Peer 1: 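Before anything else, here's the structure in question.
It should be emphasised that the depicted structure is a prediction, and the values quoted were computed from it without experimental measurement.
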Amino acid sequence: MTGFIASSTALATSLMRAVHTRLDPDPLIDDPWGERLVPESVREAFRQFVLAKMDSDSRAKASASPDSILDTALRTNAAYAGVIIRARYTEDALKAAVANGIRQYAIIGAGFDSFALRRPAFAREVDVYEIDHPATQGLKCQRLRECGLSLTESVHFIAADLAEEDLGTALARSPFRLNDPAFFSWLGVTTYLTREANLATLRAIATCGAPGSELVFTYIDEREFNSGSDSGSFHEVKTAAASVGERWVSGFDPEKIAEYLQRSGLILEEDLNGEQMAERYRRTGVNSLRPPATSHIARARVG
(Lines give C-alpha, C1' and ligand atoms only; values in the text may rest on other atoms or scores of the structure.)
Protein backbone atom coordinates (compact mmCIF):
# COMPACT_ATOMS: atom_id res chain seq x y z
CA MET A 1 0.00 0.00 0.00
CA THR A 2 1.10 3.60 -0.33
CA GLY A 3 3.63 4.72 2.22
CA PHE A 4 2.93 8.40 2.87
CA ILE A 5 -0.67 9.10 1.87
CA ALA A 6 -3.94 7.44 2.74
CA SER A 7 -4.75 4.40 0.63
CA SER A 8 -6.77 5.34 -2.46
CA THR A 9 -8.22 1.85 -2.73
CA ALA A 10 -9.39 1.99 0.90
CA LEU A 11 -11.16 5.28 0.14
CA ALA A 12 -12.74 3.85 -3.00
CA THR A 13 -14.01 0.69 -1.30
CA SER A 14 -15.60 2.82 1.41
CA LEU A 15 -17.50 4.72 -1.27
CA MET A 16 -18.52 1.45 -2.96
CA ARG A 17 -20.19 0.23 0.22
CA ALA A 18 -22.08 3.50 0.60
CA VAL A 19 -23.17 3.55 -3.05
CA HIS A 20 -24.40 -0.04 -2.78
CA THR A 21 -26.45 0.86 0.30
CA ARG A 22 -27.94 3.90 -1.40
CA LEU A 23 -28.59 2.67 -4.93
CA ASP A 24 -28.77 -1.10 -5.23
CA PRO A 25 -32.35 -2.45 -5.17
CA ASP A 26 -31.81 -5.10 -2.49
CA PRO A 27 -28.59 -4.19 -0.65
CA LEU A 28 -26.63 -6.89 1.14
CA ILE A 29 -25.19 -4.40 3.62
CA ASP A 30 -26.35 -1.20 5.28
CA ASP A 31 -23.31 1.08 5.30
CA PRO A 32 -24.06 4.75 4.64
CA TRP A 33 -20.86 6.05 6.22
CA GLY A 34 -18.52 6.00 3.25
CA GLU A 35 -19.68 9.30 1.86
CA ARG A 36 -19.15 10.95 5.24
CA LEU A 37 -15.77 9.44 6.02
CA VAL A 38 -14.31 10.15 2.58
CA PRO A 39 -13.51 13.87 2.15
CA GLU A 40 -15.24 15.75 -0.66
CA SER A 41 -11.83 16.67 -2.03
CA VAL A 42 -11.09 12.97 -2.51
CA ARG A 43 -14.45 12.33 -4.15
CA GLU A 44 -13.84 15.22 -6.53
CA ALA A 45 -10.40 13.85 -7.37
CA PHE A 46 -12.01 10.50 -8.16
CA ARG A 47 -14.57 12.23 -10.42
CA GLN A 48 -11.83 14.02 -12.32
CA PHE A 49 -9.94 10.74 -12.68
CA VAL A 50 -13.04 9.13 -14.22
CA LEU A 51 -13.64 12.09 -16.55
CA ALA A 52 -10.04 12.09 -17.73
CA LYS A 53 -10.44 8.53 -19.02
CA MET A 54 -13.49 9.44 -21.17
CA ASP A 55 -13.50 10.66 -24.74
CA SER A 56 -14.63 14.24 -25.31
CA ASP A 57 -18.25 13.38 -26.17
CA SER A 58 -18.72 11.10 -23.17
CA ARG A 59 -17.06 13.69 -20.94
CA ALA A 60 -19.47 16.39 -22.09
CA LYS A 61 -22.49 14.19 -21.41
CA ALA A 62 -21.19 13.08 -18.01
CA SER A 63 -20.43 16.65 -16.96
CA ALA A 64 -24.12 17.44 -17.27
CA SER A 65 -24.85 15.15 -14.32
CA PRO A 66 -21.75 15.30 -12.11
CA ASP A 67 -23.42 13.60 -9.14
CA SER A 68 -23.83 10.38 -11.09
CA ILE A 69 -20.32 10.20 -12.55
CA LEU A 70 -18.70 8.66 -9.51
CA ASP A 71 -21.68 6.47 -8.61
CA THR A 72 -21.66 4.88 -12.06
CA ALA A 73 -17.90 4.41 -12.07
CA LEU A 74 -17.94 2.72 -8.68
CA ARG A 75 -20.83 0.39 -9.49
CA THR A 76 -19.31 -0.70 -12.80
CA ASN A 77 -15.83 -1.20 -11.37
CA ALA A 78 -14.67 -4.82 -11.62
CA ALA A 79 -13.88 -4.87 -7.89
CA TYR A 80 -17.34 -3.65 -6.80
CA ALA A 81 -19.12 -7.00 -6.41
CA GLY A 82 -16.27 -8.52 -4.43
CA VAL A 83 -16.08 -5.52 -2.08
CA ILE A 84 -19.77 -5.78 -1.25
CA ILE A 85 -19.95 -9.54 -0.85
CA ARG A 86 -16.81 -9.77 1.25
CA ALA A 87 -18.26 -7.21 3.68
CA ARG A 88 -21.48 -9.19 4.05
CA TYR A 89 -19.71 -12.56 4.29
CA THR A 90 -17.37 -11.26 7.00
CA GLU A 91 -20.14 -9.83 9.14
CA ASP A 92 -22.20 -13.02 8.77
CA ALA A 93 -19.19 -14.99 10.01
CA LEU A 94 -18.55 -12.48 12.81
CA LYS A 95 -22.15 -12.75 13.98
CA ALA A 96 -21.83 -16.52 14.22
CA ALA A 97 -18.52 -16.19 16.07
CA VAL A 98 -20.01 -13.78 18.60
CA ALA A 99 -22.86 -16.22 19.16
CA ASN A 100 -20.17 -18.77 20.03
CA GLY A 101 -18.63 -16.47 22.62
CA ILE A 102 -16.02 -14.38 20.79
CA ARG A 103 -15.83 -10.81 22.08
CA GLN A 104 -12.83 -9.37 20.20
CA TYR A 105 -12.82 -8.22 16.58
CA ALA A 106 -9.49 -7.27 14.98
CA ILE A 107 -9.72 -5.59 11.56
CA ILE A 108 -6.35 -5.83 9.82
CA GLY A 109 -6.00 -3.15 7.14
CA ALA A 110 -9.21 -1.54 8.40
CA GLY A 111 -9.13 1.41 6.01
CA PHE A 112 -12.40 3.31 6.28
CA ASP A 113 -14.40 0.40 7.63
CA SER A 114 -17.46 1.70 9.46
CA PHE A 115 -18.38 -1.31 11.59
CA ALA A 116 -17.66 0.57 14.81
CA LEU A 117 -19.98 3.40 13.72
CA ARG A 118 -22.95 1.25 12.73
CA ARG A 119 -22.36 -1.47 15.30
CA PRO A 120 -25.20 -4.01 15.11
CA ALA A 121 -26.97 -5.23 18.23
CA PHE A 122 -25.14 -8.56 18.24
CA ALA A 123 -21.77 -6.82 18.63
CA ARG A 124 -22.53 -4.37 21.42
CA GLU A 125 -20.21 -6.18 23.84
CA VAL A 126 -17.42 -6.72 21.30
CA ASP A 127 -14.10 -4.88 21.54
CA VAL A 128 -13.03 -3.63 18.10
CA TYR A 129 -9.36 -3.22 17.14
CA GLU A 130 -8.61 -1.37 13.91
CA ILE A 131 -5.08 -1.90 12.61
CA ASP A 132 -3.85 0.11 9.64
CA HIS A 133 -1.05 2.22 8.21
CA PRO A 134 -0.66 5.51 10.14
CA ALA A 135 -1.44 7.63 7.05
CA THR A 136 -4.73 5.91 6.28
CA GLN A 137 -5.79 5.63 9.89
CA GLY A 138 -4.78 9.23 10.53
CA LEU A 139 -7.12 10.51 7.81
CA LYS A 140 -9.93 8.35 9.11
CA CYS A 141 -9.54 9.66 12.68
CA GLN A 142 -9.38 13.20 11.31
CA ARG A 143 -12.64 12.65 9.42
CA LEU A 144 -14.30 11.25 12.54
CA ARG A 145 -13.39 14.43 14.39
CA GLU A 146 -14.51 16.68 11.54
CA CYS A 147 -17.87 14.89 11.43
CA GLY A 148 -18.29 15.37 15.18
CA LEU A 149 -18.28 11.61 15.76
CA SER A 150 -17.00 9.90 18.86
CA LEU A 151 -16.64 6.20 19.50
CA THR A 152 -16.95 4.20 22.68
CA GLU A 153 -13.95 3.04 24.70
CA SER A 154 -14.39 -0.43 23.21
CA VAL A 155 -12.95 0.80 19.89
CA HIS A 156 -9.16 0.82 19.69
CA PHE A 157 -7.11 2.35 16.86
CA ILE A 158 -3.67 0.82 16.33
CA ALA A 159 -1.51 2.66 13.82
CA ALA A 160 0.99 0.21 12.38
CA ASP A 161 2.87 -0.36 9.14
CA LEU A 162 2.76 -4.14 9.05
CA ALA A 163 5.50 -4.13 6.43
CA GLU A 164 7.79 -2.86 9.20
CA GLU A 165 6.15 -4.20 12.37
CA ASP A 166 4.60 -7.58 13.13
CA LEU A 167 0.95 -7.90 14.12
CA GLY A 168 1.73 -9.21 17.59
CA THR A 169 3.84 -6.19 18.47
CA ALA A 170 1.13 -3.85 17.19
CA LEU A 171 -1.61 -5.58 19.18
CA ALA A 172 0.59 -5.48 22.29
CA ARG A 173 0.16 -1.69 22.29
CA SER A 174 -3.57 -2.15 22.86
CA PRO A 175 -5.80 -3.88 25.42
CA PHE A 176 -6.10 -6.90 23.09
CA ARG A 177 -6.43 -10.06 25.21
CA LEU A 178 -4.13 -12.81 23.97
CA ASN A 179 -5.82 -15.44 26.15
CA ASP A 180 -9.30 -14.79 24.74
CA PRO A 181 -10.39 -15.91 21.27
CA ALA A 182 -10.77 -13.22 18.63
CA PHE A 183 -12.24 -12.79 15.17
CA PHE A 184 -9.82 -11.38 12.59
CA SER A 185 -10.76 -9.90 9.22
CA TRP A 186 -8.12 -9.24 6.56
CA LEU A 187 -9.90 -8.02 3.45
CA GLY A 188 -8.44 -6.70 0.22
CA VAL A 189 -4.87 -6.79 1.51
CA THR A 190 -3.06 -9.98 0.49
CA THR A 191 -2.69 -8.96 -3.16
CA TYR A 192 -0.50 -6.01 -2.15
CA LEU A 193 1.95 -8.13 -0.14
CA THR A 194 4.61 -10.66 -1.08
CA ARG A 195 4.00 -14.34 -0.42
CA GLU A 196 6.46 -14.19 2.47
CA ALA A 197 4.69 -11.21 4.06
CA ASN A 198 1.30 -12.89 3.71
CA LEU A 199 2.52 -16.10 5.32
CA ALA A 200 4.12 -14.10 8.13
CA THR A 201 0.80 -12.38 8.81
CA LEU A 202 -1.05 -15.71 8.83
CA ARG A 203 1.45 -17.07 11.35
CA ALA A 204 1.06 -13.93 13.47
CA ILE A 205 -2.73 -14.31 13.49
CA ALA A 206 -2.38 -17.94 14.56
CA THR A 207 0.02 -16.87 17.32
CA CYS A 208 -2.05 -13.90 18.56
CA GLY A 209 -5.36 -15.72 18.35
CA ALA A 210 -6.22 -18.01 21.24
CA PRO A 211 -7.75 -21.39 20.40
CA GLY A 212 -11.21 -20.84 18.93
CA SER A 213 -10.16 -17.67 17.11
CA GLU A 214 -11.31 -17.22 13.52
CA LEU A 215 -10.07 -15.43 10.41
CA VAL A 216 -11.77 -14.28 7.22
CA PHE A 217 -9.48 -13.09 4.42
CA THR A 218 -9.49 -12.52 0.69
CA TYR A 219 -7.00 -13.50 -1.99
CA ILE A 220 -6.63 -13.85 -5.75
CA ASP A 221 -5.91 -17.10 -7.57
CA GLU A 222 -2.17 -16.84 -8.26
CA ARG A 223 -2.64 -18.18 -11.79
CA GLU A 224 -3.98 -14.74 -12.73
CA PHE A 225 -0.54 -13.29 -12.05
CA ASN A 226 1.05 -15.79 -14.41
CA SER A 227 -1.49 -15.64 -17.25
CA GLY A 228 0.08 -12.65 -19.00
CA SER A 229 -3.38 -11.43 -20.04
CA ASP A 230 -3.80 -7.70 -20.62
CA SER A 231 -7.61 -7.82 -20.61
CA GLY A 232 -10.46 -8.88 -18.34
CA SER A 233 -11.59 -7.85 -14.87
CA PHE A 234 -8.36 -8.94 -13.15
CA HIS A 235 -6.25 -6.76 -15.43
CA GLU A 236 -8.68 -3.85 -15.03
CA VAL A 237 -8.55 -3.84 -11.22
CA LYS A 238 -4.81 -4.57 -11.10
CA THR A 239 -4.07 -1.70 -13.49
CA ALA A 240 -6.33 0.72 -11.59
CA ALA A 241 -4.61 -0.10 -8.30
CA ALA A 242 -1.16 0.32 -9.84
CA SER A 243 -2.17 3.72 -11.24
CA VAL A 244 -2.52 5.05 -7.68
CA GLY A 245 0.71 3.45 -6.49
CA GLU A 246 -0.83 0.35 -4.94
CA ARG A 247 0.65 -2.49 -6.96
CA TRP A 248 -0.70 -6.03 -6.86
CA VAL A 249 2.08 -8.44 -5.97
CA SER A 250 0.90 -11.96 -5.21
CA GLY A 251 -1.87 -14.51 -4.86
CA PHE A 252 -2.38 -18.06 -3.61
CA ASP A 253 -3.10 -21.36 -5.31
CA PRO A 254 -6.63 -22.37 -4.19
CA GLU A 255 -5.60 -26.02 -4.34
CA LYS A 256 -2.83 -25.36 -1.81
CA ILE A 257 -4.45 -22.74 0.44
CA ALA A 258 -5.42 -25.33 3.08
CA GLU A 259 -1.79 -26.49 3.18
CA TYR A 260 -0.46 -22.93 3.55
CA LEU A 261 -2.91 -22.26 6.37
CA GLN A 262 -2.08 -25.50 8.16
CA ARG A 263 1.62 -24.70 8.07
CA SER A 264 0.79 -21.32 9.59
CA GLY A 265 -1.24 -22.82 12.44
CA LEU A 266 -4.70 -22.34 10.92
CA ILE A 267 -7.35 -24.77 9.71
CA LEU A 268 -9.34 -23.93 6.57
CA GLU A 269 -13.11 -24.02 7.13
CA GLU A 270 -14.35 -22.63 3.81
CA ASP A 271 -13.00 -21.14 0.59
CA LEU A 272 -15.37 -19.56 -1.94
CA ASN A 273 -14.39 -18.38 -5.41
CA GLY A 274 -16.19 -15.54 -7.16
CA GLU A 275 -18.86 -17.75 -8.69
CA GLN A 276 -19.61 -19.39 -5.35
CA MET A 277 -19.79 -16.00 -3.65
CA ALA A 278 -22.30 -14.79 -6.23
CA GLU A 279 -24.46 -17.88 -5.76
CA ARG A 280 -24.38 -17.65 -1.96
CA TYR A 281 -25.56 -14.04 -1.96
CA ARG A 282 -27.76 -14.06 -5.03
CA ARG A 283 -30.98 -12.12 -4.38
CA THR A 284 -33.02 -13.25 -7.42
CA GLY A 285 -30.37 -11.55 -9.51
CA VAL A 286 -31.53 -8.01 -8.84
CA ASN A 287 -28.09 -6.76 -7.81
CA SER A 288 -26.07 -8.70 -10.39
CA LEU A 289 -23.18 -9.01 -7.95
CA ARG A 290 -20.76 -11.35 -9.69
CA PRO A 291 -17.14 -11.09 -8.53
CA PRO A 292 -14.42 -12.38 -10.87
CA ALA A 293 -14.23 -16.17 -10.60
CA THR A 294 -10.57 -15.98 -9.55
CA SER A 295 -11.29 -13.84 -6.48
CA HIS A 296 -11.59 -15.81 -3.24
CA ILE A 297 -12.78 -15.34 0.32
CA ALA A 298 -11.71 -17.88 2.92
CA ARG A 299 -12.57 -18.60 6.53
CA ALA A 300 -10.18 -20.35 8.89
CA ARG A 301 -9.78 -21.03 12.58
CA VAL A 302 -6.83 -21.27 14.91
CA GLY A 303 -5.90 -24.94 15.27
Peer 1: At what distance, to the nearest 0.5 angstrom, does NE2 of H296 lie from CE of M277?
Peer 2: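 CE of M277 is found 7.5 Å from NE2 of H296.
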Peer 1: Can you hop from L15 to L51 via hydrophobic side chains spaced under 4.5 Å?
Peer 2: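 The answer is no; the residues belong to distinct hydrophobic clusters.
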Peer 1: Rounded to the nearest 0.5 Å, how far does CG of L268 lie from CD1 of I257?
Peer 2: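 The CG atom of L268 is 7.5 Å from CD1 of I257, to the nearest 0.5 Å.
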Peer 1: Measure across P291 and G274 and return the closest heavy-atom pair with its distance rounded to 0.1 Å.
Peer 2: CD-O, 3.6 Å
Peer 1: Can you tell me how far the OG1 atom of T90 sits from the CG atom of L187, to the nearest 0.5 Å?
Peer 2: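 Between atom OG1 of T90 and atom CG of L187 there are 4.0 Å.
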Peer 1: Just so I know, are the side chains of E270 and Q276 near enough to count as touching, which here means a heavy-atom distance under 4.5 Å?
Peer 2: no
Peer 1: May I ask you to decide whether K95 forms a salt bridge with E91, counting only side-chain N to carboxylate O separations under 4.0 Å?
Peer 2: no
Peer 1: If we ignore hydrogens and angles and just use 3.5 Å, is the side chain of Q137 paired with the main-chain N or O of A159 as donor and acceptor?
Peer 2: yes
Peer 1: Answer yes when K256 and E222 have at least one side-chain N-carboxylate O distance shorter than 4.0 Å, and no when they do not.
Peer 2: no
Peer 1: Would you say R75's side chain and V19's backbone share a donor-acceptor pair under 3.5 angstrom?
Peer 2: no
Peer 1: Could you check whether any side-chain heavy atom of F112 comes within less than 4.5 Å of a side-chain heavy atom of S7, counting everything from C-beta outward?
Peer 2: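 Not in contact.
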Peer 1: A side-chain contact here means heavy atoms from C-beta on lying under 4.5 Å apart; do T191 and V249 qualify?
Peer 2: no
Peer 1: If you round to the nearest 0.5 Å, how far is CZ of R88 from CG of D30?
Peer 2: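 If we round to the nearest 0.5 Å, D30:CG and R88:CZ are 11.0 Å apart.
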Peer 1: Without swapping roles, check the side chain of D55 against the backbone of S58 for a donor-acceptor pair under 3.5 Å.
Peer 2: yes
Peer 1: Applying a strict under-4.5 Å side-chain criterion to I, L, V, M, F, W and Y, I'd like to know whether V83 and I107 cluster together.
Peer 2: yes
Peer 1: Of N77, L70, T76, which meets side-chain contact (heavy atoms from CB on, under 4.5 Å) against L74?
Peer 2: L70
Peer 1: Between S154 and R119, do the side chains contain an N or O donor and an N or O acceptor separated by less than 3.5 Å?
Peer 2: yes
Peer 1: With no hydrogens and no angle check, is any side-chain donor or acceptor of E44 less than 3.5 Å from a backbone partner on S41?
Peer 2: no
Peer 1: Any donor-acceptor pair under 3.5 Å linking the side chain of S14 with the backbone of L11?
Peer 2: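 Absent.
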Peer 1: In the structure I gave you, are the side-chain heavy atoms of S250 and N198 within less than 4.5 Å of one another anywhere?
Peer 2: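 Side-chain contact under 4.5 Å: yes.
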Peer 1: Could you give the distance from OH (Y80) to CG (L289), rounded to the nearest 0.5 Å?
Peer 2: 6.0 Å
Peer 1: How close do I102 and S213 get, counting heavy atoms only, and between which atoms?
Peer 2: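 Closest approach of I102 to S213, heavy atoms only: CD1-CA, 4.4 Å.
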Peer 1: Around atom CD of Q142, are there more than 12 heavy atoms of other residues, nucleotides or ligands at under 6.0 Å?
Peer 2: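 Correct, the count exceeds 12.
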Peer 1: Is there side-chain contact between V50 and T72, with at least one heavy-atom pair below 4.5 Å?
Peer 2: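 With C-beta onward as the side chain, the pair stays apart.
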Peer 1: Decide yes or no on side chain to side chain contact (heavy atoms under 4.5 Å, CB included) for S185 and I108, but give the supporting numbers first.
Peer 2: CA-CA 6 Å; S185 69; I108 305 170; over 6 Å; no
Peer 1: Using a strict cut-off of less than 4.0 Å between a Lys/Arg side-chain nitrogen and an Asp/Glu carboxylate oxygen, indicate whether R118 and D31 qualify as a salt bridge.
Peer 2: yes
Peer 1: As a quick check of understanding, evaluate side chain to side chain contact (heavy atoms under 4.5 Å, CB included) for F115 and E130, giving each step before the final call.
Peer 2: CA-CA 10 Å; F115 182 82; E130 294 198 13; over 6 Å; no
Peer 1: Is L149 reachable from V155 through a run of I, L, V, M, F, W or Y residues, each pair having side-chain heavy atoms under 4.5 Å apart?
Peer 2: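 Yes, V155 connects to L149 through the hydrophobic network.
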Peer 1: Hydrophobic clusters here meaning ILVMFWY residues chained together by side-chain heavy-atom distances under 4.5 Å, can you tell me if I267 and V216 are in one?
Peer 2: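 No, I267 and V216 fall in different hydrophobic clusters.
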Peer 1: Using the six-membered ring of Y89, assess whether NZ or CZ of R299 lies under 6.0 Å from its centre and within 45 degrees of the ring axis.
Peer 2: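 So R299 doesn't make the cation-pi contact.
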Peer 1: Is a side-chain donor or acceptor of H156 paired with a backbone partner of D127 at a separation under 3.5 angstrom?
Peer 2: no
Peer 1: State plainly whether the residues K61 and D57 are in salt-bridge range, i.e. N to O under 4.0 Å.
Peer 2: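 Salt bridge flag = no for D57 with K61.
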Peer 1: Taking the side chain as C-beta and beyond, is there a heavy-atom pair between I158 and R173 under 4.5 Å?
Peer 2: yes
Peer 1: Can a donor-acceptor pair be found, under 3.5 Å and without considering hydrogens, that links the side chain of T194 to the backbone of A197?
Peer 2: yes
Peer 1: Which atom names give the shortest non-hydrogen contact between N273 and A293, and what distance separates them?
Peer 2: CB-O, 3.2 Å
Peer 1: Honestly curious: do Y260 and L215 fall in one hydrophobic cluster under the side-chain, below-4.5 Å linking rule?
Peer 2: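 They do share one cluster, since a chain of ILVMFWY contacts under 4.5 Å joins Y260 to L215.
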Peer 1: Do I85 and I297 come within less than 4.5 Å of each other through their side chains, counting heavy atoms only?
Peer 2: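 No; the side chains remain at least 4.5 Å from each other.
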Peer 1: Considering all heavy atoms of both residues, which atom of R143 and which atom of P39 are nearest to each other, and what is their separation?
Peer 2: CD-CG, 3.6 Å
Peer 1: Using the rule ring-ring contact (aromatic ring centres under 6.0 Å, His included), only one of F122, F183, F176, F184 pairs with Y105; which is it?
Peer 2: F183
Peer 1: If we ignore hydrogens and angles and just use 3.5 Å, is the side chain of T190 paired with the main-chain N or O of T218 as donor and acceptor?
Peer 2: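 Answer holds: yes.
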Peer 1: What distance do L37 atom CG and R17 atom CZ have between them, rounded to the nearest 0.5 Å?
Peer 2: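 L37 CG to R17 CZ: 9.0 Å, rounded to 0.5 Å.
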Peer 1: Taking T136 for its side chain and H133 for its backbone only, find out whether a donor-acceptor pair lies under 3.5 Å.
Peer 2: no
Peer 1: For W186 and F217, take the angle between the two ring planes, folded into 0 to 90°, and tell me which bin it lands in: parallel under 30, tilted 30 to 60, perpendicular over 60.
Peer 2: tilted
Peer 1: Shortest non-hydrogen contact from L266 to L202?
Peer 2: CD1-O, 3.7 Å
Peer 1: Quick check against the 3.5 Å criterion: does R247 have a side-chain atom that pairs as donor or acceptor with the backbone of Y192?
Peer 2: no
Peer 1: How about E40: does its CD atom have over 12 heavy atoms from other parts shown lying under 6.0 Å from it?
Peer 2: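 Yes, CD of E40 has more than 12 neighbouring heavy atoms, counting only those of other groups under 6.0 Å.
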Peer 1: Can you tell if the side chain of D92 reaches within under 4.5 Å of the side chain of Y281, non-hydrogen atoms only?
Peer 2: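 Result yes, sub-4.5 Å side-chain heavy-atom pair found.
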Peer 1: Go through it in stages, so that I can follow the logic: the residues are D71 and R22, the test is salt bridge (charged side-chain N to carboxylate O under 4.0 Å, His left out), and I'd like the CA-CA distance, side-chain angles, deciding distance and then a yes or no.
Peer 2: CA-CA 10 Å; D71 289 350; R22 177 162 51 83; 3.0 Å; yes
Peer 1: Which heavy atom of G111 sits nearest a heavy atom of A10, and at what distance?
Peer 2: CA-CB, 4.0 Å
